[in-house]
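Each chain gets a letter, A, B and so on, in the order the sequences are listed, and its residues count up from 1.
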Amino acid sequence: MSDLPILAAETDTHCPYCALQCGTRLQGDREIGVKVQPLAGFPVNAGRLCQKGWTAPELLHTPDRLTSPLLRQGDQLVPVGWEQALGVVARRLRTLRAQHGPDVVGVFGGGGLTNEKAYLLGKFARVALGTSQIDYNGRWCMSSAAAAGNAAFGIDRGLPFPVTDLQEAQVVLLAGANPAETMPPLMQHLERADLIVLDPRRTPTAQRAALHLQPVPGTDLALALGLLHAVLEDGPADKSYIQQRTHGFPEVAASVGEWWPERTEQVTGVPAHDIRRAARLLAQAERAYVLTGRGVEQQSKGTDTAQAFINLALALGLPGRPGSGYGCLTGQGNGQGGREHGQKADQLAGYRSITDPEARAHVAAVWGIRPQELPGAGRSAFEMLDALGTPEGPRALLVFGSNPIVSAPHSARIEERLAALDLLVVADFVLSETAQAADVVLPVTQWAEEDGTLTNLEGRVLRRRALLPPPPGVRSDLEVIRDLAIRLGQPPHRFPDSPEAVFDELRAASAGGRADYAGVTYERLEAGEALHWPCPAEDHPGTPRLFTDRFAHADGRARFVPVTYREAAEDLSNQYPLYATTGRVLAQYQTGAQTRRIRELNDAAPQAFVQVHPDTAARHGLTDDTPARVTSARGSLTAPVRTDPAMRLDTVFVPFHYTGDGRANALTNPAIDPRSGMPEFKVAAVRLEPAEEEPAA
Amino acid sequence: MTAPLDPAALTCTTGAAGVVPIRTVEDCATLTPKVALVLGDGALAVEAASALATRGVRTGLVCTAPRPLYHALGEVASRMVTAHLEDAGITVLGGAQPTRCSDGVLHLADGSDLPADALIVAGQATGPGEQLRLRSALVDVAVLGEPDAAEHPGTRQITLTDPRHQRYAQLTINDHKIIAGVLVGLPQAIATLGLLHRRGQYLPADRLGLLLDLPPRPCSTDTAPPLQDAVICLCNNVTRRALAAAWRSGARTQSALATATRAGTGCGGCGPAVQELCGIWADERQAQEAAA
């Protein structure tokens with residue numbers, strides 16, 4: 001045995017999970033194991049990490065890691081070689097396309113994919129498959145805030161400022177966001193501010209609030225309108241800002257006229273007194289932020305709700321003012337970059353609109369095709385899944401980095417549609433619930449085995465770096481896409497599989513677009529530059545703060561956009577007398593495909609539960625730990641009761657990370673937001689009852 | 001019972017200089033008098049007076065009834081509303097009989113003269129049992145349900161009177177649902193009961209907690225987890241037991257405990273609690289050593 005220390009491999013990268021993308025140093029290898037340390041020098045997490053981040057290396061040696069392609073033979077998924085698997089996929093895609101045309105193939109991406117993968121997937125769909133049918137799970141994440149942000153500011157970047165700016169705020173309104181559980185390291189930037197938290201539940205974030213507003217699920221829009229009314233009652237905070245930097249204030253001011261606090265109270269259940277208090281806190285702060293999260297956005301009126309909060313922020317003169325602003329807290333790891341580079345049905349790289357002739361011409365030129373060869377806009381995520389296997393819809397679906405059987409609303413419907421497909425191909429690194437239903441499963445790399453870039457919630461482009469080589473038999477998503485493209489007749493040079501080469505092409509495709517990455521290079525990122533887009537040239541320093549001089553509309557002004565209150569798509573009834581709302585717990589992430597495989601996390605949060613007020617539980621014959629069935633018009637889940645006296649009497653909460661009997665999306669309503677395509681994850685009418693005990697085995 | 005104030009009874013005509021009849025509270029949104037007198041007994045008069053006073057106008061409220069909202073709320077509750085308005089600087093004059101106005105002066109039957117830049121006439125009265133949710137930043141007032149609800153068989157009434165904080169509630173309850181109520185000065189209860197009443201939903205068991213907006217109590221059947229199992233760091237699921245074990249193994253500071261257990265490395269919210277535990281354990285050890 002040598003006395004010399006063995007130098008283990010070491011690399012700086014970022015956590016595989018949420019949009020904070022905490023900086024981490026990984027050390028080790030597959031033999032000795034991999035250790036993680038949070039990076040003190042990365043300002044977003046500044047040395048902090050939550051339990052998910054600390055335990056992420058365990059994912060690298062998960063025992064059920066996929067290391068061979070799988071091919072369905074009857075009820076079984078059987079290991080086969082790559083040649084056979086890709087051969088089958090290409091052959092069946094070619095046959096289907098020949099029979100039914102290019103839109104017979106759908107592509108479903110994810111907000112966890114790197115920028116390179118998202119970009120190449122979008123190109124693959126439009127060029128190699130020629131299909132308009134591509135969308136991604138980010139549609140269920142950021143689409144409402146994105147649509148509202150674009151309307152108001154002419155651009156959509158989650159936070160138009162670095163998160164560290166929040167440290168100087170006096171007041172921060174968190175509307176439908178629970179960062180104390182969903183992104184704990186963010187909380188260090190919110191320690192000084194008085195928090196106003198708007199959430200139907202008394203979450204860990206709400207428990208730290210100076211003021212917690214606890215509305216009826218689905219009434220956040222009314223609350224936003226009421227808050228603006230209350231602000232205007234005392235006179236707009238900043239008349240010169242409204243005059244010089246915005247358009248449309250009078251219409252919006254008039255539109256909130258009938259939302260006086262007592263009327264807002266009658267709709268939302270939030271005391272008029274608290275609405276006035278919140279408005280006063282915001283209006284009197286010199287430095288304040290309004291931040292929205294999925295709670296207010298994942299509704300069939302999520303865009304209008306986000307819009308109403310932006311209107312509030314504009315009336316207070318926050319966006320673009322130093323030390324103040326509006327932002328949305330992006331959810332998935334690459335929820336920001338993932339929505340910018342072309343895996344969204346209506347967008348091309350650089351946040352370009354696929355219906356804009358100039359945008360089409362630019363991207364077609366980079367791709368070496370004619371603009372008329374580019375398909376148009378396709379269906380949004382749920383609409384595409386809902387159409388699968390129908391006469392008008394796709395008959396084949398390729399899924400990358402997503403698990404829609406667990407994450408899509410109305411999961412019974414989605415399972416049925418996926419089963420109706422002629423071909424389901426899933427690329428993943430574990431056998432997710434969706435992969436289990438696939439005809440072909442392709443094993444791909446995970447975070448610490450790959451290079452690439454992600455764009456975090458503050459629009460900063462970050463390098464993901466490989467510590468380990470992929471296990472034998474595993475390929476990168478880029479290699480898979482390239483191989484399939486070639487098998488579908490594409491020239492190899494059109495589909496590079498080196499991350500840097502793909503990124504360089506992405507830079508060219510995004511140049512001049514709203515999300516301009518032209519000046520971001522791997523070299524600059526390696527040199528440690530903090531580059532926030534837009535960064536249009538290699539000598540451009542990037543844009544940490546947007547809107548300081550102008551907004552992105554042609555005239556440089558932000559838009560007030562009037563919105564009107566409407567009820568949730570589904571109201572309570574005698575049959576379904578309670579609201580169900582869904583969300584996350586600290587120790588799990590998204591559909592749990594990753595985190596449910598980590599022992600420590602599963603010990604902390606092993607199964608679904610039904611969180612409910614003890615009186616409501618008792619009224620339905622339930623107490624703590626008894627199994628409850630929650631049923632909506634679409635399906636049921638069964639999970640033990642967890643009473644919480646701080647719950648609203650009319651609301652049950654279920655976390656959405658679980659599958660089987662505990663699958664929250666069995667309940668959720670696929671009613672779609674007309675502006676964004678966002679389903680109504682946050683409000684469903686349900687009933688609650690004791691579940692029958694399992695018969696003894 | 002005094003008749004509702006009739007603007008026509010004033011010898012000056014509405015439309016005369018300085019006299020403003022209003023139908024909704026918005027009608028006085030653009031008025032900027034230095035001194036305003038609001039004439040009326042009902043909700044509209046209180047709302048107008050509240051709105052003016054909130055904007056910094058010196059405001060008087062002149063009622064023919066003994067007090068504002070006297071007919072709607074009854075003796076006790078209307079007294080509390082009056083106290084709230086007076087606390088906010090409004091001069092309330094009950095049982096007044098305005099006779100005429102001239103040159104910006106309101107003359108009362110008892111011979112007193114009240115000067116004002118604007119006389120705002122809010123004629124409509126609010127009768128007993130009329131549903132009401134007052135628009136006012138100065139006092140929270142709600143009337144729910146039917147006036148004769150208490151007559152129904154099987155109803156119970158709960159009354160809370162808190163003169164010190166000017167809070168009042170009278171709830172009429174049947175089958176664990178609220179069927180009528182009068183509430184003053186209880187903003188959270190008004191919001192919650194208003195919704196429960198409108199939707200016919202059941203009341204929570206803790207009625208007093210609901211009325212007084214007390215922090216939610218654990219149910220009596222709950223058994224608190226053993227102290228040692230309490231999770232101190234939620235972000236990393238670190239229990240007091242785990243921290244104690246690390247402390248005994250030599251991690252004696254907050255940062256040493258963070259290194260040993262990861263406590264405090266997520267949101268950082270448990271930092272003060274971990275610090276406090278360090279102190280407690282150090283004191284305990286010291287006491288033990290002294291005893292030994």
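- Counting only heavy atoms from C-beta outward, the side chains of A:Arg648 and B:Leu195 approach each other to under 4.5 Å.
- Residue with the most contacts toward chain B among A:Cys22, A:Pro179, A:Ala272, A:Pro184: A:Pro184 (heavy-atom pairs, distance under 4.5 Å).
- Interface remark: of the candidates A:Glu181, A:Glu233, A:His273, A:His273 forms the most heavy-atom pairs closer than 4.5 Å to chain B.
- Comparing A:Arg263, A:Glu262, A:Met183 by how many heavy-atom pairs each has under 4.5 Å with chain B, the most go to A:Glu262.
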Check step by step if side-chain contact (heavy atoms from CB on, under 4.5 Å) holds for A:Leu572 and B:Gln201.
CA-CA 11 Å; A:Leu572 301 187; B:Gln201 290 167 336; 3.8 Å; yes
Just do the side-chain contact (heavy atoms from CB on, under 4.5 Å) check on A:Gln51 and B:Val238 with the steps written out, would you?
CA-CA 10 Å; A:Gln51 196 180 13; B:Val238 185; over 6 Å; no
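- Interface check for chain B: of the options A:Met187, A:His613, A:Glu265, the most heavy-atom pairs under 4.5 Å are formed by A:Glu265.
- The shortest distance between side-chain heavy atoms of B:Gln188 and A:Asp274 falls below 4.5 Å.
- The existence of a salt bridge linking A:Asp650 and B:Arg199 is confirmed by a sub-4.0 Å separation between a basic side-chain nitrogen and an acidic carboxylate oxygen.
- Here the side chains of A:Trp54 and B:Thr265 are in contact, with some heavy-atom distance below 4.5 Å.
- Per-residue counts of heavy-atom pairs under 4.5 Å with chain A were compared for B:Ala29, B:Gly194, B:Pro204; the largest is that of B:Pro204.
- When side chains are defined from C-beta on, B:Arg262 counts as touching A:Thr55, because their heavy atoms get closer than 4.5 Å.
- Your options are A:Glu191, A:Met647, A:Arg202, A:Glu600, and the one with the most heavy-atom pairs under 4.5 Å with chain B is A:Glu600.
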side-chain contact (heavy atoms from CB on, under 4.5 Å) evaluation trace for A:Arg208 with B:Cys267:
CA-CA 12 Å; A:Arg208 288 180 210 188; B:Cys267 72; 3.0 Å; yes
Can you check side-chain contact (heavy atoms from CB on, under 4.5 Å) on A:Leu649 and B:Leu196, steps first, answer last?
CA-CA 9 Å; A:Leu649 292 161; B:Leu196 293 176; 4.3 Å; yes
